[in-house]
Every structure is written in structure tokens, then in C-alpha cells.
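Counting starts at 1 for both ligands and their atoms, in listed order.
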Amino acid sequence: AMLPKNGYPPWYSAFESFYPRRLKKRLDDCFANPIHGVPGRYIRCFNRYSNDYNDTMYYDGTSKPCLNLSSYNYLGFAQSVGSCTDDSIEAVKKYGTSSCGPVNTIAHNDLTRSTEKVLADFIGKDDALVFSMGYGTNANLFTSLVNSKCLVISDSLNHGSIRFGIRLSNAAVKVFPHNDMDKLEKIVRDAISQGQAKTHRPWQKIMVCVEGLYSMEGNLCNLPKLVELREKYKFYLFVDEAHSIGALGETGRGVCDYFGVPPSKVDILMGTLTKSFGAAGGYVAADQAIIDRLRLDITTNIHGESQPPAVLQQISTSLRIISGELNGNEGRERLQRIAFNSRYLRLGLKRLGFIVYGADDSPVIPVMLYTPPKMPAFSRMMMERGIAVVVVGYPATDLITSRVRFCVSSALTKEDIDKILTDCDQIGDKLYLKFGSGIAGGE
Ligand code: PMP
């Protein structure tokens, strides 16, 4: 078909006017809502139509905290109670609120070192580095791992921070369809055979990059197969465990723990400290030689601010609780509760007839809404019933696979989840979200 003179396809202007008129205003209802207080089992959202910042009223005219399925708080460490908070307060008293400099100048103290050690031991690697931002970790890491003579093979659904970091590194990039191990193997084989034709490997390094648990899909990488391919073709394997460390595996040690794969089979285990530990920032754990090199080379250690002491302490104390070194059974109970809650909510939603993506044990539970206008409707109806959720659509997903994402937490009780299921049941009927209930929306 001929394009109009302005070069846009015919539907473009219609969408452009529809979007600002209706959809954007409605989407604004459910994004970037300021919150009040600690994002724990409950969360208080401000009334965005009020000028009073103490006004937490929502659509039903009452002022109440909402059950929180919107924050990343897998193990419930975001709540400001208990030994984590006490230790962090002590850390502020001893070290202040900021390290006031990059790690490689003057800000590397005993707390930084001991936290890295606790983290490395927990993950099962020689050593680890911590950084003040998870996104920044990936954004900066790849320039120190690969260069223009290297090939990075990346899962199509990898997080934006990984894609950004790889691009910045100038490495050649090939993308394989999400979790498609046959396609991955073909790309690796082709890359190596090009080299054999020239009697050497054409790439200085080949690195395969995946995530442990995909945050929009709630599914896992195929770690056993990846490890098998790594042995066969000798590439480096990088796994981002942002959503799996702490939250998955019998001892909370992420996808290696879950699949029974020794951590030595993955070259670089990256993760964030934002989701399971009630902290912030990112880490890289690897063999000593890699960490020694990264410690000197990675740009954030030279040019960027290091982790604040209270955050380091939060990481260290929460890890020691999870591993059972502190507070007896508390860590084990948190792990058991996240595992139970994740399965209980997921199976309940499936039983009600919702279309639920992902693995049975995933603490991220995406429920399909499909059409974007159902996003604000779902979010608002949940809010009216005292439940906070995050709805996700384009650009985090395709436009027509909009979804709501429940982030489960150990902080929730079985009764909380029963309430959520009852409310979802009603909303699902109203919005025609259950399988077999038709595709028209609303009552
Ligand atoms: N990697 C993945 C897979 C993520 O999901 C995220 C954040 N959601 C990040 C990295 C960035 O981490 P942070 O939020 O700690 O900056």
C-alpha cells in the first residue's frame, strides 16, 4: 500500500491522537505512583489527585494501605524491622551515610571487603564485587569483559541493562530466540566453524548471556542445557540472577541451586541486591582472576560512587540470615514461605482460569491481560480492593501481550493470598480475563 505524504502508515496518526487522549492518561493512573513509608507487606500509595502528601486515599475514598505485590521484596527484607535494620543503623553510626568516593580511590573499607566475601561464599565463587546500581553493573561490566574482537550471543528477552552493556562494549552481537537452545547451538557452531575454515577461532572470546529468571515471563533459563553446550563448545557463560538470587533454590542460591548445577559451571554470575535482600545495587561473582581484573578495570570502580555503608550492611546481614548463620531458622522460614506463596498464588490463579506465564516455582507471576486498556482497569480495581500490583506493557513487553505482574513476597501470609485470589476472581469476571470467558472487555 502507498504511504501518505508524511511518510507514516495510515493508522499512525489515529493511534497518535488516541494515545494522548485516552490511553496515556489512564496509564498514568498506574505508573510512577509515589509511595509513603516502607514497601513491605503493605504499601501506601499517595492519592495523585490530591495536593496533600499525607493523603493516601484512593479511588474508593478510604485511606488504607494496600497489600503489596508490586515491590521486589521476595524474602521480605524490605521491612524495617529486625536485625537487618539494627545492623544498618549501627553501620551508619560507624561509617556514615556515604563512602564519599569510588572504590578504587579511598572508599574501599573493611565493610566493603567483608560484604564481598559473604556474597562470594554464599554464591559459591572465589570472589565478588558489589556496585551501587544493578543497572549500572551490567551497563559497565561488559566493556571490561569483551571487546570488538569478541562475539556475544544474547537471549532475545535479556534485560535492557544487559543489552545496553553489550552494545557499549563494541562486541559483535547475535541474538537467539528466547530460550531456544537449538538456535543457540547453531549460532555457536557457525561462529566456531567460520574459524576452523581459517584454522583459528575467529573470536577472541565467545560469551553467551542469559538471565536466570526472566522478570516479564516468570520462566527460567535452561541452565543444564547451557552448561552442556558450554562444555562442548568452550564459550563463556554469563547469567544475570537479578530475580533468582535469594528467591529460587532450596537454599536461596539461585538457578544453580535450583537445577543442581555447580556454580563453577557458570563463568560469570551477576545479580542485583535490590530484589531479595531489601538492599540496592548489583554484584558480579566469578573466579579470582576475573574478579581481580574487573576490580581494577571496571569504570564504576574508578569513576563512580561506591555502595553506601548501610546498604552494604543490609546485604551482609540478610545473607547471613538466609544462610542460617544468624537468627536460627529465620532464613529457612523465609525461603519456605516464598516457595509456598509463589506456588499457592500461581496455582490459585490458574485454577480460576487466568492465563499465567512462567515456571511453577517463580516468584514473578505474570497474568495476561493482552489489551493495553485492561492495564489501568485491572490496576485500579485491585487498588480499590486494597491490593497494589504492577501492570506491564509496551515497551517492556509487546503491545498486545500486556500483563499484570504479581511479585510474591515471604512477607505475605496465606490469608493475604486467599484475599488476593477472591478479588482476582471478581475482577477476572468483570474484565473477561479468564480462559473461555470471551474476548470482549468490561460489563
Ligand atoms: N538485570 C535484570 C535482569 C533486572 O531485572 C534488573 C532490574 N529489574 C536489573 C538488572 C537492574 O537492577 P537494579 O534495579 O538493581 O538497578
Between [Y] and [X], is the closest basic N to carboxylate O distance under 4.0 Å?
X    : Y    : answer
K174 : D190 : no
K434 : D425 : yes
K419 : D423 : yes
R337 : E333 : no
R403 : E217 : yes

Taking only heavy atoms of [X] into account, list the atoms of ligand 1 that are under 4.0 Å away from them.
X    : result
T274 : 13 (P), 15 (O)
G134 : 11 (C), 12 (O), 13 (P), 15 (O), 16 (O)
Y135 : 11 (C), 12 (O), 13 (P), 16 (O)
E211 : 3 (C)
A242 : 1 (N), 2 (C), 3 (C), 4 (C)

What residue and heavy atom of the protein are closest to [atom], and at what distance?
atom                    : answer
atom 5 (O) of ligand 1  : H243 NE2, 2.9 Å
atom 12 (O) of ligand 1 : T272 CG2, 3.1 Å
atom 9 (C) of ligand 1  : H159 CE1, 3.4 Å
atom 1 (N) of ligand 1  : D240 OD2, 2.7 Å
atom 8 (N) of ligand 1  : K275 NZ, 2.8 Å
atom 10 (C) of ligand 1 : S161 OG, 3.4 Å

Discussion item. Heavy-atom contact check, 4.0 Å cutoff: does G282 meet ligand 1?
Written reply: no

